[in-house]
Amino acid sequence: MKVLVVGGGGRCHAIVDALTRSPKVDKIYCAPGNAGIAAQAETVALKDTDVEGLLGFARDHAVDLTVVGPESALAAGIVNRFRAEGLRIFGPTTEAARIETSKEFAKELMMRHGIPTAGYRTFDNYEAARAYVHGRPLPAVLKYDGLAAGKGVVVAMTMEEADAALRDMLLDDKFGHGRVVVEDYLEGPEFSFMCFVSGERVWPMPLAQDHKRAFDGNEGPNTGGMGAYSPVPFISEAERNDALERIMKRTAAAMVAEGVPFTGVLYGGLMKTAEGVKVIEFNARFGDPETEVVLPRLQSDIYDIFSAVADGTGAAELRWDDRAALGVVMASKGYPGSCEKGFPIEGIEAAEADPEVTVYQMGTARRDGRLVTAGGRVLMVVGRGETLEQAHEKAMQGVRTIRCENLFYRHDIGAAALHK
Ligand code: AMP
Ligand code: GLY
């Protein structure tokens with residue numbers, strides 16, 4: 001089989017890596033890919049949002065299945081277009097992806113179907129939103145109703161901060177012209193629950209936890225994610241089963257009932273609150289960096305799973321390694337703000353000489369034969385072991401083996417789970 005993976009970050013590196021373990025797959029293309037992915041797949045110089053280019057490529061190269069990584073490609077309508085042309089593709093339609101791209105759509109769906117989430121109100125008028133927020137306790141949770149490159153959610157600790165965010169979102173149209181969802185503030189540890197979903201059929205993956213803040217101790221600005229680990233010991237089997245039934249399966253069924261069946265990976269960003277597990281957000285794709293610690297634990301053939309989901313028929317059996325995986329992101333200094341690129345990276349092979357260490361490349365390029373930094377997040381060093389402690393030790397050993405003068409990382413990935 002020939003598979004085309006669309007995307008180019010660490011998540012796609014992990015997907016490509018999992019595909020290399022499938023005996024059914026003999027050719028993997030990745031568009032645009034990156035320098036790390038190029039070692040395991042043939043990279044194709046097409047942007048992930050170039051739907052017509054990707055369609056032409058898939059046709060010309062007789063690709064059997066296309067797998068979509070990033071939300072930008074979904075929002076660009078890649079799944080609708082491929083399906084209309086009779087090409088097999090793994091991912092949700094633009095309409096189903098609204099569970100991620102429209103906060104309001106997601107909230108209304110949850111309310112109609114009794115899926116536990118924070119209470120909310122939606123505004124399109126700055127003055128009305130401001131008056132509402134000022135009449136409520138802090139912190140204020142403000143969510144822009146559309147894609148905003150991870151910057152559309154503000155948890156404001158002061159009224160000044162809330163005002164500034166509302167101004168950005170509703171007066172200055174910083175992310176485009178849109179609406180704002182104002183949510184009740186919830187408290188508790190967060191975790192990520194990804195499931196393969198094909199209509200009403202739901203196959204759960206192991207839980208993972210992301211680390212959004214840039215620096216140790218959960219300090220600093222929000223990022224795309226600075227590290228992750230799996231499993232998540234502070235969520236009991238009963239809580240996980242409850243989240244599977246009342247949140248993930250109910251949401252899949254709700255989407256079918258509303259005429260927008262979901263196909264692909266449904267990602268629940270969940271919080272364990274005093275009143276039970278609730279939804280913070282949904283994503284319509286694999287999480288990044290969660291995928292880099294979940295897929296290495298998959299023992300089944302991922303091509304069979306992608307096929308069963310994309311075709312809506314056939315069985316998929318999912319077996320998972322009980323052992324733990326923990327990954328530390330190495331990011332360019334300055335990230336998530338602007339950062340310099342082009343710094344040489346050395347030591348990946350040495351780090352991977354240990355069979356318990358895998359380095360997924362997030363933002364790298366090859367220049368004059370040398371591997372160099374090419375993004376905000378550059379590498380994700382994943383360690384594995386019997387326990388999270390051992391996985392953490394392996395990941396840190398890998399991180400210390402890598403040499404690059406412009407990278408920083410967190411030392412405390414997994415701390416919430418390690419010191420229990
Ligand atoms: P998101 O970009 O939607 O993942 O949101 C970013 C972060 O904002 C989440 O990971 C939470 O930590 C926080 N957040 C979002 N919604 C709420 C809420 N209702 N209550 C408390 N924190 C929230
Ligand atoms: N790790 C969070 C996300 O993928 O959106």
Side-chain angles (χ1 to χ4, degrees), residues 7 9-12 14-15 68-72 74-75 97 99-107 110 116-122 133 136-157 161-162 165 169 175 180-194 205 207-214 218-230 232 264-275 277-295 327 329 331 336 360 362 376-377 380 413 416:
R11 156 181 53 204
C12 286
I15 294 169
V68 187
E71 62 276 21
S72 46
L74 298 172
I99 195 141
E100 168 167 4
T101 58
S102 168
K103 299 282 183 199
E104 191 179 13
F105 173 85
K107 288 304 250 187
M110 286 188 269
T117 188
Y120 74 103
R121 274 188 59 183
T122 308
V133 168
R136 288 163 44 94
L138 288 165
V141 180
L142 312 170
K143 301 189 172 182
Y144 177 75
D145 185 44
L147 280 184
K151 304 205 169 79
V153 176
V154 173
V155 180
M157 307 310 282
E161 245 183 280
M169 295 177 188
F175 312 112
V180 169
V181 172
V182 181
E183 263 188 29
D184 296 341
Y185 177 76
L186 301 179
E187 265 186 292
E190 292 176 59
F191 62 100
S192 309
F193 196 176
M194 298 191 285
M205 295 183 229
L207 304 181
Q209 193 185 41
D210 187 8
H211 294 62
K212 294 236 152 123
R213 300 299 197 95
N218 295 322
E219 303 276 348
N222 261 315
T223 70
M226 291 299 294
Y229 63 88
S230 176
V232 179
V265 173
L266 182 64
Y267 166 121
L270 310 181
M271 186 185 274
K272 176 178 166 171
T273 75
E275 295 89 46
V277 175
K278 295 190 179 181
V279 177
I280 293 289
E281 62 158 352
F282 280 119
N283 291 327
R285 48 163 177 90
F286 281 108
D288 196 357
E290 290 93 331
T291 303
E292 293 93 309
V293 293
V294 169
L295 288 188
V329 170
Y360 292 115
M362 306 182 93
R377 293 187 295 175
M380 168 98 159
I413 301 302

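As the structure lists them, so they are numbered: ligands from 1, and atoms in each ligand from 1. The shown structure was predicted, so the numbers you read here are calculated from the model rather than taken from an experiment.
Interface of Tyr185 with ligand 1, defined as ligand atoms under 4.0 Å from a residue heavy atom, comprises 20 (N), 21 (C). Set against the non-hydrogen atoms of Glu183, the atoms of ligand 1 under 4.0 Å away are 16 (N), 18 (C), 19 (N). Heavy-atom proximity to Arg285, at under 4.0 Å, picks out these atoms of ligand 2: 3 (C), 4 (O), 5 (O). Close contacts of ligand 2 with Asp210, meaning ligand atoms under 4.0 Å from a residue heavy atom, involve 1 (N), 2 (C). Every atom of ligand 2 is numbered from 1 in the order shown, and the set under 4.0 Å from a heavy atom of Gly287 is 4 (O). Of all atoms in ligand 1, listed by their number and element, those nearer than 4.0 Å to a heavy atom of Asp184 are 18 (C), 19 (N), 20 (N).
A salt bridge is absent between Lys143 and Glu281; no separation between the charged side-chain nitrogens and carboxylate oxygens falls under 4.0 Å.
Remark: among candidates Arg213, Glu281, Lys143, Lys212, the nearest residue to atom 16 (N) of ligand 1 is Lys143, based on non-hydrogen atoms. The heavy atom nearest to atom 6 (C) of ligand 1, out of those in Val153, Leu142, Val141, is found in Val153. Scanning Val182, Leu186, Val279 for the heavy atom closest to atom 21 (C) of ligand 1 points to Leu186. Distances from atom 10 (O) of ligand 1 to the heavy atoms of Met271, Lys103, Glu190, Lys278 put Glu190 nearest.
Residue Asn222 has no N or O atom closer than 3.5 Å to an N or O atom of ligand 1. Of the N or O atoms in Ile280, none lie within a sub-3.5 Å distance of an N or O in ligand 1. Between Asn283 and ligand 2, an N or O atom pair is found at a separation short of 3.5 Å. Distances between N or O atoms of Glu290 and those of ligand 2 include at least one value under 3.5 Å. Checked against a 3.5 angstrom limit, the closest N/O atoms of Asp288 and ligand 2 fall inside it.
Put simply, the side chain of Glu190 never gets that close to the backbone of Gln209: no donor and acceptor are under 3.5 Å apart.
Contact between Val155 and Glu161 at its shortest, heavy atoms only, is O-OE2, 3.8 Å. Contact between Phe191 and Lys272 at its shortest, heavy atoms only, is CE2-N, 4.2 Å. In this structure, Val133 and Ala162 approach most closely via the heavy-atom pair CG1-CB, 4.0 Å. Residues Pro289 and Asp210 share a closest heavy-atom pair of CD-OD1, 3.4 Å. Smallest separation of non-hydrogen atoms from Gly268 and Phe282: CA-CD2, 3.9 Å.
Counting heavy atoms from C-beta on, the side chains of Val68 and Arg285 never come closer than 4.5 Å. Using a 4.5 Å heavy-atom threshold, the side chains of Arg11 and Pro70 count as touching. Two residues are said to be in side-chain contact when any heavy atoms from C-beta on lie closer than 4.5 Å; Val329 and Glu292 fail this criterion.
For atom 2 (C) of ligand 2, the closest non-hydrogen atom of the protein is Tyr267 OH, 3.3 Å.
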